Asker: 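Have a look at this one.
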Amino acid sequence: MDSRLISVDRWAQGSQVYFLTHLHADHTKGLSSTWARGPLFCSRLTAKLFPFKFPDLDLSLLRILDIGRWHSLSLVSHSGSETTFQVMAIDADHCPGSVMLLFRGEFGCMLYTGDFRWEATSERAKKGRDMLLSALKDDVVDTLYLDNTYCNPSYDFPSRQLAAQQVIDIIVSNPEHDIIIGIDTLGKEDLLLQISSVLKIKIWVWPERLQTMHLLGFRDNFTTNSTLTRVRAVPRYSFSIDTLEGLNTSHPTIGIMPSGLPWVRRPVEQNGDIFGSFLRNRYKRGKCSAQGEIQTLERIHQYMYSVPYSDHSNFAEIEDFVKLVQPTNLKGIVSSSSCYVEPIYYFGRLCGANQSTSQLRNRHKRKGSDEMVGTVCPDASYGDNNFVGSERKRGKTLKVKFSGVRLSRLSILRRKNHRGAKIVENNSDDQNS
DNA sequence: GCGATCAGAT
DNA sequence: CACATCTGATCGC
């Protein structure tokens with residue numbers, strides 16, 4: 001089979017079928033309302049949300065993938081031969097509509113997690129686990145494309161349920177304060193719902209976000225009337241410490257930033273350690289305190305709190321997932337993340353083929369392997385499929401090796417000290433709900 | 001003017 | 001350092 005006939009979260013020309021794991025902007029980069037390169041497969045909920053983000057997109061291109069069901073699709077290779085493959089969507093528990101994608105075909109068996117959270121404590125994750133295991137049966141996952149956003153042992157944040165409780169605690173212990181919570185256009189709904197139901201209050205959201213909430217079926221917990229509540233969820237980018245200081249001149253207000261990432265500025269400590277001085281500083285305290293009870297809640301400013309509420313898996317969860325899947329090969333899909341190290345560095349010993357880091361430089365060898373590699377193409381800005389290895393050297397130097405054409409990308413990013421993800425479009429027309 | 005890409009900020 | 005996302009500038013058509 002020709003390579004690149006299937007694209008996942010990648011919208012360049014040349015594929016016959018396209019898959020979207022979820023509707024976050026960094027996964028739809030290259031997708032626009034005029035896009036029409038082929039059928040676009042996604043979950044039912046993602047399809048429902050689609051018109052909101054891409055009002056003019058031709059909806060007849062959308063194909064629904066039912067969660068937990070194998071779908072059979074066929075492709076015609078450039079040489080003219082037809083081939084079929086199967087795909088199953090499994091709940092990724094990252095944001096509404098998000099799925100992992102399991103592929104099975106002559107190229108082998110591949111699992112693409114998209115962004116995912118694998119919370120051992122959540123009912124949803126257990127369901128996903130059962131679904132995944134029964135789908136895999138005795139199949140071996142040849143390649144696992146893994147959300148390695150927080151693939152570093154330093155990332156040790158708690159469950160979202162617990163982090164949400166921390167937010168509630170802040171709200172309760174500041175009864176006279178207005179509360180502002182930074183969120184994005186999709187995601188963190190469960191946090192807001194938990195606050196709303198535990199405290200029995202509505203939460204203010206901006207008008208477009210209310211429409212999204214209604215689409216998701218949440219009717220009663222949200223409002224656009226700010227006189228009804230002291231808790232407001234606002235676009236994350238729209239407020240800063242400066243904004244908060246301004247607000248506090250008229251009314252006591254506390255800001256809460258839910259994120260798996262620390263929000264504090266880096267205390268300078270050069271030691272060349274692989275985990276980096278920054279992470280070490282943030283988490284050292286928590287890790288050394290009472291057994292497993294991590295206190296990562298931080299008051300980073302007089303009016304600002306950072307809460308470790310993350311829609312990505314922490315390191316332990318990623319590790320659990322890799323242990324469960326036991327893939328032959330493993331690739332990170334987030335190359336510009338805090339994880340400078342390919343996940344195989346940490347998990348090589350857990351993989352079926354018992355790989356070592358040195359194997360990063362070799363393409364996986366099996367029947368038809370040359371065709372398999374590159375068949376599923378993660379978005380280049382994230383998941384460099386051509387990324388074959390990385391190593392950290394002493395000090396701050398990072399050496400990255402690429403195979404193939406995209407040699408310059410990361411090195412350019414590094415030179416400019418700048419990240420690659422760019423927004424193409426965000427149309428949120430005020431229509432329907 | 002529009003889409004794509006980049007730059008910068010939070 | 002970086003999450004994911006926004007605004008605004010610039011380039012090519």
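Quick caveat, the model's predicted, so the values are computed rather than measured.
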Asker: Consider only side-chain N and O atoms of A:D190 and A:Q194, and report whether a donor and an acceptor are under 3.5 Å apart.
Answerer: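 There is no such pair (donor and acceptor under 3.5 Å, judged by atom type) between the side chains of A:D190 and A:Q194.
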Asker: So if I apply the side-chain contact (heavy atoms from CB on, under 4.5 Å) rule between A:L101 and each of A:L111, A:D9, A:V8, which one comes out positive?
Answerer: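 Among the candidates, only A:V8 passes.
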Asker: Evaluate A:I183 against A:W206 for side chain to side chain contact (heavy atoms under 4.5 Å, CB included), listing each step before the verdict.
Answerer: CA-CA 11 Å; A:I183 61 168; A:W206 63 101; 3.7 Å; yes
Asker: Is it the case that A:N225 and A:T227 place a side-chain donor and acceptor less than 3.5 Å from each other?
Answerer: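 Yes, A:T227 and A:N225 have a side-chain donor paired with an acceptor closer than 3.5 Å.
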Asker: State whether A:H312 places a side-chain N or O below 4.0 Å from either non-bridging phosphate oxygen (OP1 or OP2) of C:dC3.
Answerer: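 Checking C:dC3 against A:H312, no side-chain N or O comes under 4.0 Å of OP1 or OP2.
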Asker: Rounded to whole Å, please give me the gap between CD1 in A:I333 and P in C:dC3.
Answerer: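 Roughly 12 Å, once rounded to whole Å.
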Asker: Report the distance from atom CE of A:M257 to atom P of C:dA4, rounded to the nearest whole Å.
Answerer: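 Spelled out: CE on A:M257 to P on C:dA4 is 14 Å.
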Asker: Taking the side chain of A:S32 as heavy atoms from C-beta outward, which of C:dA4, B:dA4, C:dT5 is closest to it?
Answerer: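 Out of C:dA4, B:dA4, C:dT5, the nucleotide with an atom closest to A:S32's side chain is B:dA4.
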Asker: Would you state whether a donor and an acceptor, one from the side chain of A:R236 and one from the base of C:dC6, lie under 3.5 Å apart?
Answerer: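 No such pair is found, so the answer is no.
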Asker: Within this structure, what is the CD1-to-P distance between A:I180 and B:dT10, rounded to whole angstrom?
Answerer: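 Spelled out: CD1 on A:I180 to P on B:dT10 is 16 Å.
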Asker: Taking NE2 from A:H22 and P from C:dT5, how many angstroms apart are they, rounded to a whole number?
Answerer: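 Rounded to whole Å, this separation is 7 Å.
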Asker: Whole angstrom is fine here: how far is it from CG in A:L31 over to C1' in B:dG3?
Answerer: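 Going from CG in A:L31 over to C1' in B:dG3 covers 13 Å.
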Asker: Report the distance from atom CH2 of A:W11 to atom C1' of B:dT5, rounded to the nearest whole Å.
Answerer: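 A:W11 atom CH2 is separated from B:dT5 atom C1' by 19 Å.
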Asker: Using whole Å, report how far CD1 of A:I181 lies from C1' of C:dA4.
Answerer: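 Checked: the CD1 to C1' distance equals 18 Å.
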Asker: Roughly, in whole Å, what's the span from NZ in A:K29 to P in B:dG3?
Answerer: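 Roughly 18 Å, once rounded to whole Å.
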